[in-house]
Amino acid sequence: MSRVIMSNAFTQDDFLCGCLVTDSERKIVYVNGYFEREWGWTSALLLGKNSDSLFTRSSCIFYESYIVPVLSIQKRFDEIQLALLSAKGERIPVIANARLNNEQDLTFWSLFSATKRDRLYEELVEARNALHEQSLALKALSITDELTGLLNRREIKHRADVILNLAKRTLKPMSLLMMDVDHFKRINDNHGHQQGDEVLQALSQVLQQVARDSDIVGRFGGEEFVLILPNTDAACAQVFCQRLHKGISAMQVTGGPITVSIGISSELIGQKTTFEYFVRLADAALYRAKLAGRNRSVLYSEHDSGQ
Ligand SMILES: Nc1nc2c(ncn2[C@@H]2O[C@H](COP(=O)(O)OP(=O)(O)OP(=O)(O)O)[C@@H](O)[C@H]2O)c(=O)[nH]1
């Protein structure tokens, strides 16, 4: 059975929203008790004042330029996001519904505090930003080698394919270096695996220092590294390798001095030069560098094709 409540048993002050009435000059002609209770505005402070004193500067501009014309045409406006000022000057986000009564030339407003909604929105934005950062971190993890922080094998191939595709028609030179640490097993055997890891890390730093930003430096696996030098012919690649040997020999690590052997493949990029092709040639040259006594760089030549 429904319960009938006498209308004089409650007032607009009992509603959980701010009720506001403004006239055609935007003067405040009514506010309910919610304004004082929640936002510190007594009716004495507001009545007769321009409603601009209730809103932030940007909300006033929005009110003037958008709400007023829309109200005059549509007569009502739902769920407007505005920022109200409390009597103390605090910014309060509110959602407002407004209805224009043409006969009375009055606008009736109901204003709902949206503080919690705003906080929820901020939390959503924070969560989205955190997710974005996590996905960037995951992406970085998926392309790097965990031990050295260099690019991993899959990413080296991916980047090489991009360079090769871009340079196909321009016939630019590219060099690929396959580098292997000499007698690395001895370092592990004599000083332990942990020390071996530290050597690989120190070595990676030297590679990054010697390489240009445009070069691709990666760990191919184990104690094998790959460097791709775009726009670099054989002569320049050999000069680069000499700098590498010098930098590596100056490394201060337990188990040192460290030396490396490098196989170089240098080709003009054409329709048929794939990453695998460069790797095959550099591998053959590396094999010859090891055979020739290690601690050296060898440029691939036709002679290696029989290896
Ligand atoms: N510490 C460490 N050792 C590794 C890692 N990956 C591979 N190795 C070791 O690298 C060594 C490679 O040894 P070999 O392939 O025999 O070659 P090498 O001793 O470097 O000799 P040459 O290449 O012929 O000069 C092995 O002992 C592997 O266990 C790694 O991530 N960390």
Side-chain angles (χ1 to χ4, degrees), residues 137-160 175-211 215-229 234 237-266 275-307:
L138 271 177
K139 163 95 178 126
L141 268 181
S142 74
I143 66 170
T144 46
D145 167 59
E146 200 180 348
L147 178 69
T148 61
L150 295 181
L151 298 176
N152 62 21
R153 189 178 184 136
R154 194 182 50 207
E155 186 62 15
I156 301 166
K157 174 174 164 41
H158 171 69
R159 297 204 186 182
S175 294
L176 183 145
L177 318 182
M178 188 66 78
M179 188 188 98
D180 188 280
V181 186
D182 295 331
H183 299 303
F184 187 63
K185 189 170 178 311
R186 286 186 200 162
I187 299 169
N188 275 336
D189 290 348
N190 298 339
H191 303 279
H193 205 268
Q194 169 74 25
Q195 191 52 46
D197 281 357
E198 284 173 24
V199 168
L200 295 178
Q201 287 167 332
L203 199 71
S204 305
Q205 282 178 10
V206 174
L207 300 188
Q208 281 174 310
Q209 281 157 11
V210 177
D215 296 336
I216 294 168
V217 184
R219 184 177 176 209
F220 214 47
E223 22 54 287
E224 219 172 28
F225 296 83
V226 164
L227 291 100
I228 297 174
L229 318 178
Q238 281 170 307
V239 172
F240 178 90
C241 286
Q242 291 322 308
R243 288 214 305 274
L244 272 186
H245 285 295
K246 200 169 160 208
I248 291 167
S249 68
M251 270 168 49
Q252 302 285 332
V253 283
T254 312
I258 304 295
T259 64
V260 297
S261 299
I262 304 175
I264 310 167
S265 56
S266 272
F275 172 66
E276 289 75 15
Y277 175 74
F278 271 94
V279 169
R280 192 154 31 87
L281 268 47
D283 240 348
L286 171 62
Y287 180 75
R288 196 147 59 87
K290 290 277 182 185
L291 274 188
R294 298 178 172 80
N295 190 21
R296 69 196 61 218
S297 300
V298 168
L299 178 67
Y300 173 84
S301 71
E302 295 301 319
H303 174 78
D304 296 315
S305 56
Q307 304 292 339

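When a ligand or atom number is given, it counts from 1 through the structure's own listing order. These numbers were taken from a predicted model, which means no experiment stands behind them.
A salt bridge links Glu276 and Lys157; the closest N-O separation between the charged side-chain nitrogens and carboxylate oxygens is under 4.0 Å.
In this structure, Ser265 contributes its side chain and Phe278 its backbone to a donor-acceptor pair below 3.5 Å. A side-chain donor-acceptor contact under 3.5 Å links Arg154 to the backbone of Ser142.
Nearest protein heavy-atom contact of atom 22 (P) of ligand 1 is Lys290 NZ, 3.3 Å. When only non-hydrogen protein atoms are considered, atom 17 (O) of ligand 1 lies nearest to Glu223 OE2, 3.7 Å. The shortest contact between atom 19 (O) of ligand 1 and any protein heavy atom is with Lys185 N, 2.8 Å.
Across all their heavy atoms, Ile264 and Ala237 have their closest contact at CG2-CB, 3.9 Å. Nearest heavy-atom pair across Phe240 and Ala211 is CE1-CA, 3.8 Å.
Listed by number with element, the atoms of ligand 1 under 4.0 Å from a non-hydrogen atom of Leu200 are 30 (C), 31 (O), 32 (N). Atom numbering of ligand 1 starts at 1 in the shown order; those under 4.0 Å from a heavy atom of Gly196 are 1 (N). Annotation for ligand 1: atoms under 4.0 Å from non-hydrogen atoms of Asp180 are 23 (O). Heavy-atom contacts of His183 reach the following atoms of ligand 1: 18 (P), 19 (O), 20 (O), 21 (O), 22 (P), 25 (O) (cutoff under 4.0 Å).
Here's the thing with Phe184: one of its N/O atoms is less than 3.5 angstrom from an N/O atom of ligand 1. Checked against a 3.5 angstrom limit, the closest N/O atoms of Val181 and ligand 1 fall inside it. For ligand 1, the polar-atom distance check against Asn188 finds a nitrogen or oxygen pair separated by under 3.5 Å.
Between the side chains of Gln201 and Gln205, no donor N or O sits under 3.5 Å from an acceptor N or O. At a cut-off of 3.5 Å, with distance as the only test, a side-chain donor of Asp182 or Ser261 sits close to an acceptor on the other residue.
Residue nearest to atom 6 (N) of ligand 1, selected from Gly221, Ser261, Gly222: Gly222 (by heavy-atom distance). Counting heavy atoms only, Asp197 comes closest to atom 32 (N) of ligand 1 of the residues Thr259, Asp197, Asp182, Leu286. Of the listed options Arg294, Arg219, Glu224, Arg219 places a heavy atom closest to atom 31 (O) of ligand 1.
The environment of CD in Gln252 is sparse: at most 12 heavy-atom neighbours from other residues, nucleotides or ligands sit within 6.0 Å.
With Phe225 as reference, Leu200 is the one residue of Leu200, Leu244, Leu177 to meet the side chain to side chain contact (heavy atoms under 4.5 Å, CB included) rule.
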